[in-house]
There are 2 protein chains.
Amino acid sequence: MTTPRGAGRPRDPRIEQAALDAARDLLVEVGYQRLTMAAVAGRAGTTKAALYRRWPSLPHLVYEAAFPDELLKDWHLGRELRADLLGIVVGTRDAFTSPVAAAALPGLLAEFSTHPALHNALFSRFAGVAEAIDDRFRAAAEAGEARPTASAQDVLNLMIGAALIGVLVGPETLDDAWAGRITDILTDGIRP
Amino acid sequence: MTTPRGAGRPRDPRIEQAALDAARDLLVEVGYQRLTMAAVAGRAGTTKAALYRRWPSLPHLVYEAAFPDELLKDWHLGRELRADLLGIVVGTRDAFTSPVAAAALPGLLAEFSTHPALHNALFSRFAGVAEAIDDRFRAAAEAGEARPTASAQDVLNLMIGAALIGVLVGPETLDDAWAGRITDILTDGIRP
DNA sequence: ACGATTACGATACGGTGGGGATCGTATTAG
DNA sequence: CTAATACGATCCCCACCGTATCGTAATCGT
């Protein structure tokens with residue numbers, strides 16, 4: 001899928017990187033709405049044809065530019081429930097409030113309706129997270145820190161949703177105090 | 001603003017209604033992305049010019065079609081905190097999961113970046129709601145049912161965000177059990 | 001060394017849609 | 001009767017997407 005095959009001229013790897021960089025720059029400069037394939041190609045020093053050879057459409061390119069694989073990096077679950085939740089809240093906030101992600105998110109969400117593949121790509125990342133949190137909740141339930149019915153999916157949706165609304169309303173509201181308040185509500189909200 | 005003035009041929013009021021109805025129909029049938037001004041005009045039995053006379057752009061028309069003023073209708077705050085929160089959760093869910101709203105929401109959110117007026121229009125509706133809930137929280141705090149720092153804005157953002165994510169992931173997950181679980185978390189989350 | 005295959009830049013094209021303009025006609029206030 | 005505005009119909013301009021073409025360049029298998 002990533003490597004085409006053995007014959008023919010190989011793709012110039014610098015083009016892929018230049019295109020992603022150009023997309024990130026333009027996202028911040030002009031926003032998602034005014035982002036065009038030709039503009040990305042122009043800034044990347046190549047042409048549309050080379051981009052369509054790599055991504056099926058502009059939203060796919062933007063998705064890869066705004067949400068690279070390393071974004072949801074390793075975070076560690078520990079022994080204190082509130083600290084674990086705070087870490088996830090802060091991580092989600094940081095991922096959503098980066099200039100590139102904040103510029104790309106609303107537009108990408110709109111494309112999800114017509115590009116199910118993108119939809120799945122973004123949400124499947126949180127699937128593993130949900131599983132880990134579910135395990136953590138089970139442990140917390142045994143320790144008497146959480147009710148047994150606590151659902152990682154519900155908590156995740158609340159958390160991601162609040163961060164998303166925050167980005168739409170104004171990213172400046174998503175400071176550390178915000179993360180603390182949200183974490184407080186969620187932590188107490190799943191107590192037995 | 002709504003009434004033009006005294007001179008000249010008055011606008012045909014049936015056109016405004018027909019356009020909103022046509023936009024609602026087309027939103028459900030083809031989705032936001034494939035919705036065009038010409039298609040709305042065609043189905044409404046008029047032309048683009050008549051529509052641009054009434055709305056400055058397609059997103060404005062869609063916004064008015066998907067979120068009419070009566071949508072956030074009167075709900076009543078009572079004496080039981082959880083019941084009040086459940087009412088707001090259910091009301092928000094119902095507003096977001098209507099076929100028209102679910103089809104329009106993602107696209108509209110994307111336009112908010114470029115149309116601040118739309119942005120303010122939607123969120124200003126919740127401003128009054130936030131105020132009412134803040135009063136309710138203060139009363140709950142005095143009754144010992146809520147911590148004094150409970151913020152209506154935080155709770156609203158969590159709630160709206162969760163409903164929004166639900167619409168994006170799959171509206172079928174937003175059943176009454178979902179509303180109950182979310183309400184449980186929020187209710188316990190603001191307890192003293 | 002050589003043909004097959006694929007990528008490259010440059011350029012062009014068809015199709016679609018937004019937003020506005022024009023024109024002749026219709027409807028209202030004063 | 002006149003000024004002002006709305007109407008349907010039509011036309012244009014412009015931007016963009018997605019694809020195609022063409023000559024050239026790079027890399028494979030043999």
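Each chain gets a letter, A, B and so on, in the order the sequences are listed, and its residues count up from 1. This one's a predicted model, so the numbers in the text were calculated from it and none came from an experiment.
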Subject >> Partners meeting side-chain contact (heavy atoms from CB on, under 4.5 Å) with B/R181 (sequence neighbours left out) >> reply: A/D154, B/A177, B/W178

Original post:
How long is the line joining CD of B/E16 and P of D/dC7, in whole Å?
Top reply: 10 Å

Subject >> ring pair (Phe, Tyr, Trp, His ring centres under 6.0 Å) partners of residues 42-64 of chain A, not counting sequence neighbours, each pair once >> reply: A/H60-A/H115

**OP:** Using a cut-off of 6.0 Å, state whether more than 12 heavy atoms not belonging to B/Q33 lie near its atom CD.
**Re:** yes

Subject >> Residues in ring-ring contact (aromatic ring centres under 6.0 Å, His included) contact with B/Y32, at least two apart in sequence or another chain >> reply: none

Original post:
Of A/T47 and B/K48, whose closest DNA chain C nucleotide lies nearer the 5' terminus?
Top reply: A/T47

Subject >> Selection residues 102-114 of chain A - residue pairs positive for salt bridge (Lys or Arg N to Asp or Glu O under 4.0 Å), sequence neighbours left out >> reply: none

**OP:** State which residues pass ring-ring contact (aromatic ring centres under 6.0 Å, His included) with A/F137; sequence neighbours excluded, sorted by chain then number.
**Re:** none

**OP:** Please tell me which of the listed nucleotides, C/dC8, D/dG8, D/dT19, lies nearest to the side chain of A/D12?
**Re:** C/dC8

**OP:** Only counting residues at least two apart or in another chain, list the ones meeting salt bridge (charged side-chain N to carboxylate O under 4.0 Å, His left out) with B/D188.
**Re:** A/R147, B/R191

Original post:
Over how many whole Å does the gap from B/Y52 atom OH to C/dG17 atom P extend?
Top reply: 12 Å

Original post:
So what does A/R14 hit on the nucleic acid, given a heavy-atom distance under 4.0 Å: a base, only sugar-phosphate, or nothing?
Top reply: nothing

Subject >> 5′-ward residue of the pair B/A38/A/I15 relative to DNA chain C >> reply: A/I15

**OP:** Rounded off to whole Å, could you give me the CG-to-P distance for the B/L51 and D/dA6 pair?
**Re:** 14 Å

**OP:** Could I get the full list of salt bridge (charged side-chain N to carboxylate O under 4.0 Å, His left out) partners for A/R9, not counting sequence neighbours?
**Re:** none

Check nucleotides 20-26 of chain D for protein N or O atoms closer than 3.5 Å to its own N or O atoms and list the pairs.
residue	atom	partner	partner atom	Å
D/dA25	N3	A/R9	NH1	3.3

Original post:
What nucleic acid atoms does B/G45 come within less than 4.0 Å of, heavy atoms only: base, sugar-phosphate, or nothing?
Top reply: sugar-phosphate

Original post:
Atom NE2 of B/H60 to atom C1' of C/dG19: distance rounded to whole Å?
Top reply: 14 Å

**OP:** Using side chain to side chain donor-acceptor pair (under 3.5 Å) as the criterion, list what pairs up with B/D21, not counting sequence neighbours.
**Re:** B/R24

**OP:** Give a yes/no answer on whether the side chain of A/R54 brings an N or O atom under 4.0 Å of OP1 or OP2 in C/dC8.
**Re:** yes

**OP:** Count the heavy atoms of every other residue, nucleotide or ligand shown that sit under 6.0 Å from CD of B/E131, and state whether that count exceeds 12.
**Re:** no

Original post:
Contacts to DNA chain C from residues 104-114 of chain B, heavy-atom cutoff under 4.0 Å, which residues?
Top reply: none

Original post:
Which residues within residues 19-37 of chain A lie with some heavy atom under 4.0 Å of an atom in DNA chain D?
Top reply: A/L35, A/T36, A/M37

**OP:** Please name all residues satisfying side-chain contact (heavy atoms from CB on, under 4.5 Å) with A/A22, sequence neighbours left out, ordered by chain then number.
**Re:** A/V40, A/R43, A/A44

